[in-house]
Visitor: 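My structure is below; once you've seen it, I'll send some questions.
All residue numbers in this chain count up from 1 along the given sequence.
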Amino acid sequence: MSKTGKLILVPTPIGNLQDITLRAITVLKEADLILAEDTRVSVKLLKHLEIEKHMISHHKFNEHKTVPSIVSQIEMGNTIALISDAGTPAISDPGFLLVRACVEKGIEVECLPGPTALVPALAVSGLPTERFVFEGFLPQKKGRQTRLKALAEEARTMVFYESPFRLAKTLGQFAEYLGDERKACVCRELSKMFEEIKRGSVKGLAEYYTDHPPKGEIVIVLEGKS
């Protein structure tokens, strides 16, 4: 009997390597092939886990071209694991196009639970968690003002990813479009040695990060309109 292939999305640590799950390790060891956002980054994780496995690059710049060949390999019976540089694939990372193609072909897709930055940031923020919306990265230019105006009316807690280089600017725009006193929580370098959590008004946080330019990965949790 020929084996049935499938795609498995494997979350990887967002900073602390101890956050890898035992199940994720097993999947990475047993997969026929690993798709990595950046093989130079992922090889460090695999070496830490003492896993030797063939990897190929699958990222936002080549995924339109690589999806058909990957789907063909799965249809031939191969089990393929997809990982990103950090966190859960397809969440502000490559993966959606491949998942959609597999679903359209009737191929089994599995996603392991595991690390992601948005959930711990939301949980630690001190803002309401029963209803929230994940906005990912705001548009850098086109459509940014329109999005900010729409978000001013959003009643749910909002979660954003942001570059450290744009953090102060984004917080300042939140103050401009949503009001100076709208509450927010900035989570920097979650799970890492220099993890930092700052809470306050968007105006106060904008001023703080203007004076203290941040480094590292950033998650912003923003209060909804009351």
Visitor: Rounded to the nearest 0.5 Å, what separates atom CD1 in Ile51 from atom NZ in Lys29?
Guide: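 Atom-to-atom, Ile51:CD1 and Lys29:NZ are 6.0 Å apart.
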
Visitor: Determine whether Leu205 and Leu148 fall in the same hydrophobic cluster, where Ile, Leu, Val, Met, Phe, Trp and Tyr are linked whenever their side-chain heavy atoms lie under 4.5 Å apart.
Guide: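 They do share one cluster, since a chain of ILVMFWY contacts under 4.5 Å joins Leu205 to Leu148.
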
Visitor: May I ask you to decide if Tyr208's main-chain N or O and His212's side chain share a donor-acceptor pair within less than 3.5 Å?
Guide: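 A pair under 3.5 Å: yes.
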
Visitor: To the nearest 0.5 Å, tell me how far Leu171 CG sits from Lys203 NZ.
Guide: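 Output value for this atom pair is 13.5 Å.
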
Visitor: So which heavy atom on Ala24 is nearest to which on Pro11, and how close?
Guide: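 Taking every non-hydrogen atom into account, CB-O, 4.4 Å.
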
Visitor: Output yes when a side-chain donor or acceptor of Glu176 lies under 3.5 Å from a complementary backbone atom of Gly172, and no otherwise.
Guide: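 Looks like no, no N/O pair under 3.5 Å.
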
Visitor: Checking Arg23 against Glu110 for the salt bridge (charged side-chain N to carboxylate O under 4.0 Å, His left out) test, could you report, in this order, the C-alpha distance in whole Å, the side-chain angles of both residues, the deciding distance, and whether it holds?
Guide: CA-CA 12 Å; Arg23 186 177 171 202; Glu110 186 178 337; 2.6 Å; yes

Visitor: Hey, are Arg144 and Glu135 close enough for a salt bridge, meaning a charged N less than 4.0 Å from a carboxylate O?
Guide: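 Looking at Arg144 and Glu135, the cut-off is not met.
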
Visitor: Decide if the gap between the ring center of Phe160 and the ring center of Phe134 is smaller than 6.0 angstrom.
Guide: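 No: the rings miss the under 6.0 Å criterion.
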
Visitor: Is a side-chain donor or acceptor of Asn62 paired with a backbone partner of His59 at a separation under 3.5 angstrom?
Guide: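 A pair under 3.5 Å: yes.
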
Visitor: Checking the side chain of Glu195 only, and the main-chain atoms of Leu190 only, is there a donor and an acceptor separated by less than 3.5 Å?
Guide: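 No.
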
Visitor: Verify the cluster assignment for Ile14 and Phe137: are they in a single hydrophobic cluster under the rule of side-chain heavy atoms below 4.5 Å apart?
Guide: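 Yes; tracing contacts between hydrophobic side chains, which count when under 4.5 Å, links both residues.
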
Visitor: Nearest heavy-atom pair of Ala121 and Val219: which atoms, and what distance?
Guide: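 Smallest heavy-atom distance, with atoms named: CB-CG1, 3.5 Å.
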
Visitor: Considering non-hydrogen atoms only, spot the tightest contact between Val202 and Ala184 and give its length.
Guide: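 Looking at all heavy atoms of both residues, the shortest contact is CG1-CB, 3.8 Å.
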
Visitor: Drop me the distance from Ser84's OG to His58's NE2, to the nearest 0.5 angstrom.
Guide: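 The OG atom of Ser84 sits 11.0 Å away from the NE2 atom of His58.
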
Visitor: For Tyr161 and Glu217, which I'm curious about, is there any donor-acceptor pair between the side chains at under 3.5 Å?
Guide: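 The criterion, which ignores hydrogens and geometry beyond distance, is not satisfied for Glu217 and Tyr161.
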
Visitor: Using a 6.0 Å cut-off, check whether atom CZ of Phe165 has over 12 heavy atoms from anything other than its own residue.
Guide: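 Incorrect, the count does not exceed 12.
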
Visitor: Could you check whether any side-chain N or O of Thr157 sits under 3.5 Å from a backbone N or O of Pro128, counting only pairs where one atom can act as donor and the other as acceptor?
Guide: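 Flag set: sc Thr157 to bb Pro128 pair under 3.5 Å.
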
Visitor: For Ile107, which fellow cluster members are found when Ile, Leu, Val, Met, Phe, Trp and Tyr are connected by side-chain heavy-atom distances below 4.5 angstrom, either directly or through intermediates?
Guide: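 Its cluster partners, ordered by chain and number, are Leu7, Leu9, Leu33, Leu35, Ile56, Val67, Ile70, Val71, Ile74, Ile80, Leu82, Phe96, Leu97, Leu98, Val99, Val103, Val109.
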
Visitor: State, to 0.1 Å, how close Glu189 and Lys215 come at their nearest heavy-atom pair, and which atoms those are.
Guide: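 What the structure gives for the nearest pair is CG-O, 4.1 Å.
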
Visitor: Take atom OH of Tyr209 as the centre, draw a 6.0 Å sphere, and report whether it contains more than 12 heavy atoms from other residues, nucleotides or ligands.
Guide: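 Buried by this count: over 12 neighbours within 6.0 Å.
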
Visitor: For the pair Arg188 (side chain) and Pro214 (backbone), establish whether a donor and an acceptor sit closer than 3.5 Å, ignoring hydrogens and angles.
Guide: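 No, Arg188 side chain to Pro214 backbone: no donor-acceptor pair under 3.5 Å.
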
Visitor: Calculate, to the nearest 0.5 Å, the distance between atoms OG1 and CG belonging to Thr12 and Asp19 respectively.
Guide: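 It comes to 10.5 Å.
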
Visitor: Please check this pair: side chain of Ser42 against backbone of Thr39, looking for a donor-acceptor N/O pair closer than 3.5 Å.
Guide: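 A pair under 3.5 Å: no.
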
Visitor: Decide whether Ile34 and Val27 are clustered together by the hydrophobic rule: side chain heavy atoms of Ile, Leu, Val, Met, Phe, Trp, Tyr closer than 4.5 Å, transitively.
Guide: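 Cluster IDs for Ile34 and Val27 match.
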
Visitor: Within this structure, what is the SG-CD distance for the pair Cys102 and Glu108, rounded to the nearest 0.5 Å?
Guide: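 It comes to 10.5 Å.
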
Visitor: Quick check: is Tyr177 connected to Val133 through a chain of hydrophobic side chains (ILVMFWY, heavy atoms under 4.5 Å apart)?
Guide: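 Yes, it is one cluster - the side chains of Val133 and Tyr177 are joined through contacts under 4.5 Å.
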
Visitor: Tell me whether the count of non-hydrogen atoms from other residues, nucleotides or ligands lying under 6.0 Å of NZ in Lys192 goes above 12.
Guide: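 Enclosed: over 12 neighbouring heavy atoms sit under 6.0 Å from NZ of Lys192.
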
Visitor: Report yes or no: does Asp93 contribute a side-chain atom to a donor-acceptor pair with the main-chain N or O of Asp85 at less than 3.5 Å?
Guide: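 No.
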
Visitor: Measure the spacing between CG of Leu138 and CE of Met158 and express it to the nearest 0.5 Å.
Guide: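 Interatomic distance, Leu138 CG to Met158 CE, rounded to 0.5 Å: 10.0 Å.
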
Visitor: Does Ile91 offer a backbone N or O that forms a donor-acceptor pair with the side chain of Thr88 under 3.5 Å?
Guide: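 The answer is no, because no donor-acceptor pair under 3.5 Å joins these two groups.
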
Visitor: Give a yes or no on whether Leu46 and Leu112 share a hydrophobic cluster (residues Ile, Leu, Val, Met, Phe, Trp, Tyr; joining criterion: side-chain heavy atoms under 4.5 Å apart).
Guide: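 In one cluster: yes.
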
Visitor: With no hydrogens and no angle check, is any side-chain donor or acceptor of Arg156 less than 3.5 Å from a backbone partner on Gly224?
Guide: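 Side chain of Arg156 to backbone of Gly224, a donor-acceptor pair under 3.5 Å: no, none is there.
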
Visitor: I'd like to know if the side chain of Ser57 pairs up with that of Arg40 as donor and acceptor (distance under 3.5 Å, no hydrogens or angles considered).
Guide: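 Not at all, the side chains of Ser57 and Arg40 share no donor-acceptor pair under 3.5 Å.
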
